[in-house]
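Any value given below was found using the heavy atoms of this structure, including those in side chains, with hydrogens, waters and symmetry copies removed. Labels below follow one simple rule: chain letters A, B, ... track the order of the sequence lines, proteins then strands, and each chain is numbered from 1.
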Protein chains: 2
Amino acid sequence: MAEREVDRSISQTVKAQLALRDQILSGSLRPGERISELQAVETTGASRTPVRMALVRLEEEGLLEGIPSGGFMVKAFSERDISDSIELRGTLEGLAARFAAERGVSARELEPLKECLGAIDELLRQVPISVDAFSSYVTLNARFHAVLTELSRSPPLIRQIDRASALPFASPSGFVMAQSALPEAQQILIIGQEHHRVVIDAIENREGARAEAIMREHARLAVRNLRLALRNRTHLDLLPALALIKTATD
Amino acid sequence: MAEREVDRSISQTVKAQLALRDQILSGSLRPGERISELQAVETTGASRTPVRMALVRLEEEGLLEGIPSGGFMVKAFSERDISDSIELRGTLEGLAARFAAERGVSARELEPLKECLGAIDELLRQVPISVDAFSSYVTLNARFHAVLTELSRSPPLIRQIDRASALPFASPSGFVMAQSALPEAQQILIIGQEHHRVVIDAIENREGARAEAIMREHARLAVRNLRLALRNRTHLDLLPALALIKTATD
DNA sequence: TGTATTCGTTATGTATACAATAGCGGGGAG
DNA sequence: CTCCCCGCTATTGTATACATAACGAATACA
């Protein structure tokens, strides 16, 4: 009992899944590269069975791809894959916003959303925005999107949105990070915040179509800016997940 | 070597996954019921490791739910879950149609779609439609939706649509089957076919918004009719997947 | 010298053994 | 008679052993 040190608070499968996902997203594992189970066993500390379960989950998540002859490889994404994923999530979030608006949301339920809005307003007051403030923004923005998604009260939809967010840069924090290096970053943040304001207003007034439209526009903005940011890669080489994007233009 | 008869043409994992999915969808396993691994091993013929991989995949598919204390249970769906799933898929297919329209599709690529259209036209000519013809319709309709999805040329989107179709009644064939018992079945099929015709026209003329709108309307029609069909359950008790729907109104 | 075939090694798919936990039933006490 | 506690059993999570298939290298033959 002194020899084996096992953390019983978390399953080996989850541990392996987290570790491997981190390795993929951090670029330790190159896209197209075959993942060695044995190597994964060594780096994660779990044994083969939990590692395999983690690999299956990561494949379903979309980060890995099964190889016909056996095993898994890290998936590579084209720039279009990324922008499609963002638009996809925007469409889904639009549906969520519409559901929230049509089905009605109490003032109390809307409160967390307004809190995020106010907190971000506070952050955006400083020009230019500090690094710390930007970090807070990323958190608050992610929270805003998560809460909005929940307001749809539709488990299948929430589930799909979560899935769509699993791809690199497709999560609310993911693409904001990518845009941080742009000179127009602050303006983008301000516009995005305006979108947030409008969607709350639309939900409050039960304007489903308007709520949906603004969320889709929100995603369009993100797509446009991500494209822009990817043009000057020099500014954001620090982002590890960038390694997952195929450089060759299709 | 003579003793053990193993089919090498298909992996045990896939075999177990297919068998278990069939058991779930056919109602052999009741929703809320904990799935016994041992029992699954017996019914599928695979050993525990492949069975567990299959269970993980089915959980990711949305048919199973992990139990915190361990193991999996069959998920139960509310009527709203189902209709939301259909609308969800409709939204996704709308996006696919828009992508196809905006990005352009050659006449050659549109051919399979038109073939389905023509074949279905042929089927719908007979009144009332025969059981055989209806069965053909289900196949052709599924093919139409699959081809349309492919025309988006967006792997992430295609993937998501496939995922959304995994839930009971959310697939193109699934909800059509459910509606078959309705007296208005033939009219519904005719209207649906008109939708198909319009989406092809919209894609040909590169009218993205119109293509998207009609696919969403298509889903709305499906939702409405599924609701209707579920009202008179007596007509369609033959559908096994029905067991997965919670009877209690939320 | 190039190509093809064979052998060996390695990694994956599968099966099973082991360990730990959660649920359940029985027994005892209040 | 009821409630609580203890122990047992059954099932899951984990580890590992075994078999098989694929990939690579080396050698032999053309």
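Taking a 4.0 Å limit (strictly below) on heavy-atom distances, residues 50-74 of chain A reaches DNA chain C at A/Arg52, A/Gly70, A/Gly71.
Between B/Glu87 and B/Arg80, no side-chain nitrogen of the basic residue sits less than 4.0 Å from a carboxylate oxygen of the acidic one, so the salt-bridge criterion is not met. One finds no salt bridge joining A/Lys75 and A/Glu65 here, because no Lys/Arg side-chain nitrogen approaches an Asp/Glu carboxylate oxygen to under 4.0 Å. For the pair A/Arg98 and B/Asp84, the salt-bridge criterion is not met [side-chain N within less than 4.0 Å of a carboxylate O]. Remark: B/Arg163 does not engage B/Glu61 in a salt bridge, criterion side-chain N to carboxylate O under 4.0 Å.
Between A/Ser47 and the phosphate of D/dA15, there is a side-chain N or O to OP1/OP2 separation shorter than 4.0 Å.
The residue among B/Arg34 and A/Leu38 whose nearest nucleotide of DNA chain C lies closer to the 5′ end is A/Leu38.
With distances taken from any side-chain atom of B/Gln12 to the nucleotides D/dT14, C/dA11, C/dT14, the minimum falls on C/dT14. Nearest to the side chain of A/Thr13, among C/dG13, D/dT12, D/dT14, sits D/dT14. Of all nucleotides listed (D/dA15, C/dG13, C/dT16), C/dG13 comes nearest to the side chain of A/Arg48.
Counting atom types as modelled, A/Ser11 pairs no side-chain N or O with a base atom of D/dT14 as donor and acceptor under 3.5 Å.
The side chain to side chain contact (heavy atoms under 4.5 Å, CB included) with A/Leu29 is formed by just one residue from the set A/Leu63, A/Ile24, A/Asp22; it is A/Ile24. B/Phe72 pairs in a side chain to side chain contact (heavy atoms under 4.5 Å, CB included) with only one of the listed residues (B/Leu58, B/Val56, B/Ile67), which is B/Val56.
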